Amino acid sequence: MRWSQRRGRRLVALASAVVTLPLTAMLTPAAAAPAPASTPAPYALVPQPVSQQALPGVGFTLTAKTRIAVLSKDAAAVGVGTYLSKLLAPATGFDLRVVKKTDAPDNAVVLDPNGPKKLGAEGYTITSKKNGVVVTAYGAQGLFRGVQTLRQLLPAAVESRTKQSRAWTIAPAKISDSPRYEYRGVMLDVARRFFPVEQVKRYIDEAAAYKINKLQLHLTDDQGWRIAVDALPNLTKVGASTQSGFTGGTNWYYTAADYKEIVSYAASRFMTVVPEIDGPGHTWAAQTSVPELRCDDKYAKPYSGFDVKISLFCLGEPKQKEATQNFLRTVIKAVAEMTPGPYIHLGGDEVPGDTTQEQYDSYVKTATDATTAQKKTAIGWHQLGQSPLPAGSLLQYWGEDDDRATIGTANEALGIRHLREGAAQGAKFIMSPSSQAYLDMKYDVSTPYGLSWSGYVPVQRSYEWDPATVTGKLDGTGVIVPAQNVAGVSAALWADRAYEGSNALPNSGTRWPEPKDYADFMSFPRLPALAEVAWSPQSARDWTSFRQRLGQHGQRWTAAGIGFYAAPGVPWAGTVRSLEGVHGIQTGSVTLEIGGATADGSELVMWAPNRGPKQLWTVAARSDGTYTLANTSDGKCVEASGEPGAVAVQRTCDGRPGQRWTISGLSNDDRYTIASANGGLLLTAASDGNGAKVTLQPNTGSALQTWTVD
Ligand code: TNX
């Protein structure tokens, strides 16, 4: 059921979401403020600040002698100065000196943490003029957020890891800003796919650039236990030996030292780590290590598969119930002691059906008691709302748009009932609606990785929603969590299908990207979209402005080495590769050609490349984001009817759906998939040999479906 695509309904839902936006905007309190969205944004800042104004003149140009002057002795504030200096060093080649001052000097980048209290912990102002730049905040954290904006006032090349020779001018502006929500998070599923420490740190930097301030680590699941607990060494000895698709690991977990390194790196970016210990479902890895948690008292065999809802602690037997309680107390205490942040996430999602309410309640009570005993705030997926929770607990809503249609009907979806029960307890909510905020959902039919049980999530869908109304019906009525109980927003990057051709199970030829490359491709550009949802006032947000601003950020990511998805519908500027022009279209050692024929309907073939006109294609973009591919010898277009197995032929170009193609880059290199706009099947060579036919086939991740467009 959860694998079904439900595409028809999804389209209806999208259409109505667009129509209701003005209404939802009117309902939110932030909309009462004057709407800055009506004036075009002078600079391409993401997230959109509360207010910005371009000033006349050229702005402030950095030189090797420019100083970063911190108007404080506070170590955290000075630390932001050092961070900025290091951030600018690789691309500029400057080693800007950080100095402590009492008064703001001219011709410097001034960081002033002594601003008015009304700026709040994260608010800031920036004044950037020809004779210097001043960032003002109430403390170091606000300075850090301001520095992320300052970064975006510099040319995109500043993100390069290597020295670039050019002028480094900070655009002239007056900006005043503060966040809509305090909780602005992203979750990494390090359980299904283990992210080495370096790759977690890299992701922290990428997220911090968009003012994300919480990093939830999904540390435990069926496929792996990723955090060392001294008292239970088996958890990492056995329980960490698998990932989804991998077996035999010996170090696929964070030692106490690793975890500490992640926590302190995150803290240096003003980001709080939220560890998640999921239960009572999603606990197979724990059961491989601690047999007392199982009804049969036997060690479970490590699991490296791709299913969900496969496991449950043995909650019905008194002996095992006690073992589970002891286990939870030990684990939560150990994790809490390693975690300086205020939160422990207790999971609670997707419990297999054979649990009674009493059993679930009792698990939740043990887990939340253990959490409050450590003076931490409990967070759970919204299912946790069905059980009594300590005051101040947070719930993370991950429902899907299809369920929202049932709100207020006699047959409300179970997830909606749990949401209601949580809301009735007065809990605050973190919004991670799967149809908008799940980064593991495919963008569109061409996306090589991930799932689509909650629909496709193109960038626009991840952007155009309001956390204040997302727990209501799609028309904005029947909202369950009142606006004042929304604590914030979190994106979630699950990793149970982090391989190419993820519509099918992987095989021995499947390509697995590095976790960082999977994360980059699925997060960019959607993480910045969600960061803006979390930070910017609803009244300052609109898709037309966002897509323009976002289009300027692709070159920043390219400069930084982030392999993002150049999603259709966004005007990508700068160094992003344009596919338009004349190209050979090749897979393996053969290239696409028209053969000896020129008649309409004649079949295309693959052949060893000779760069002749019969093997070259004019790639032209259409306004709908698709391309046509016209042969340079006879001008006819590549065409295939939509069904599986349809043979690719040439025909006089007339723009019919069978002649339109979605060309999508795979992560971080120059390979593409070519999907028919007439149903989404992929152009597939029958073999890597001379004379091979080309047909439409479902995405299997096969090398014969990945193309270079040279
Ligand atoms: C549901 S969302 C899950 C995860 C999967 C994810 C895949 C949630 C709380 N549980 O276990 O990884 O779907 O999209």
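Reckoned from all heavy atoms, side chains included, excluding hydrogens, waters and symmetry mates. Every number for a ligand or one of its atoms is a count from 1 in the order of the listing. Owing to the predicted nature of the structure, the values given are computational and were not obtained by experimental measurement.
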Lys237 backbone acceptor or donor facing Asn234 side chain under 3.5 Å: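 No; zero donor-acceptor contacts below 3.5 Å.
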
For Ser362, does its backbone N or O pair with a side-chain atom of Lys321 as donor and acceptor, under 3.5 Å?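 Not a single qualifying donor-acceptor pair exists.
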
Number the atoms of ligand 1 from 1 as they appear, then name those within less than 4.0 Å of a heavy atom of [X], with their elements.
X	result
Leu451	7 (C), 14 (O)
Met441	14 (O)
Asp440	7 (C), 14 (O)
Asp496	5 (C), 7 (C), 12 (O)

Can an N or O of [X] be found at a distance shorter than 3.5 Å from an N or O of ligand 1?
X	result
Asp221	no
Trp453	yes
Trp494	no
Asp189	no
Trp398	no
Glu350	yes

Hey, do the aromatic rings of Phe313 and Phe327 have their centres closer than 6.0 Å?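 They qualify: ring centres under 6.0 Å apart.
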
Step through it carefully: locate the ring centre of Tyr253, locate the ring centre of Tyr259, and say whether they are under 6.0 Å apart.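 No, ring centres 6.0 Å or more apart.
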
Start with the C-alpha distance between Gln697 and Gln705, add both sets of side-chain angles, then the distance that settles side chain to side chain donor-acceptor pair (under 3.5 Å), and finish with yes or no. CA-CA 9 Å; Gln697 302 293 342; Gln705 299 182 319; over 6 Å; no

Would Thr377 and Tyr343 satisfy side chain to side chain contact (heavy atoms under 4.5 Å, CB included), going step by step from the backbone distance to the final call? CA-CA 5 Å; Thr377 297; Tyr343 307 110; 3.9 Å; yes

Would you say His282 contacts ligand 1, with heavy atoms under 4.0 Å as the rule?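 Right, His282 reaches ligand 1.
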
Could you establish whether Arg192 and ligand 1 come within less than 4.0 Å of each other, counting only heavy atoms on the residue side?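 The answer is yes: ligand 1 sits under 4.0 Å from a heavy atom of Arg192.
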
Residue pairs passing the salt bridge (Lys or Arg N to Asp or Glu O under 4.0 Å) test where at least one lies in residues 274-292, sequence neighbours excluded: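 Sorted pair list comes back empty.
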
With sequence neighbours excluded, tell me which residues meet salt bridge (Lys or Arg N to Asp or Glu O under 4.0 Å) with Asp205.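 If we apply the salt bridge (Lys or Arg N to Asp or Glu O under 4.0 Å) test to Asp205, skipping adjacent residues, the hits are Arg269.
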
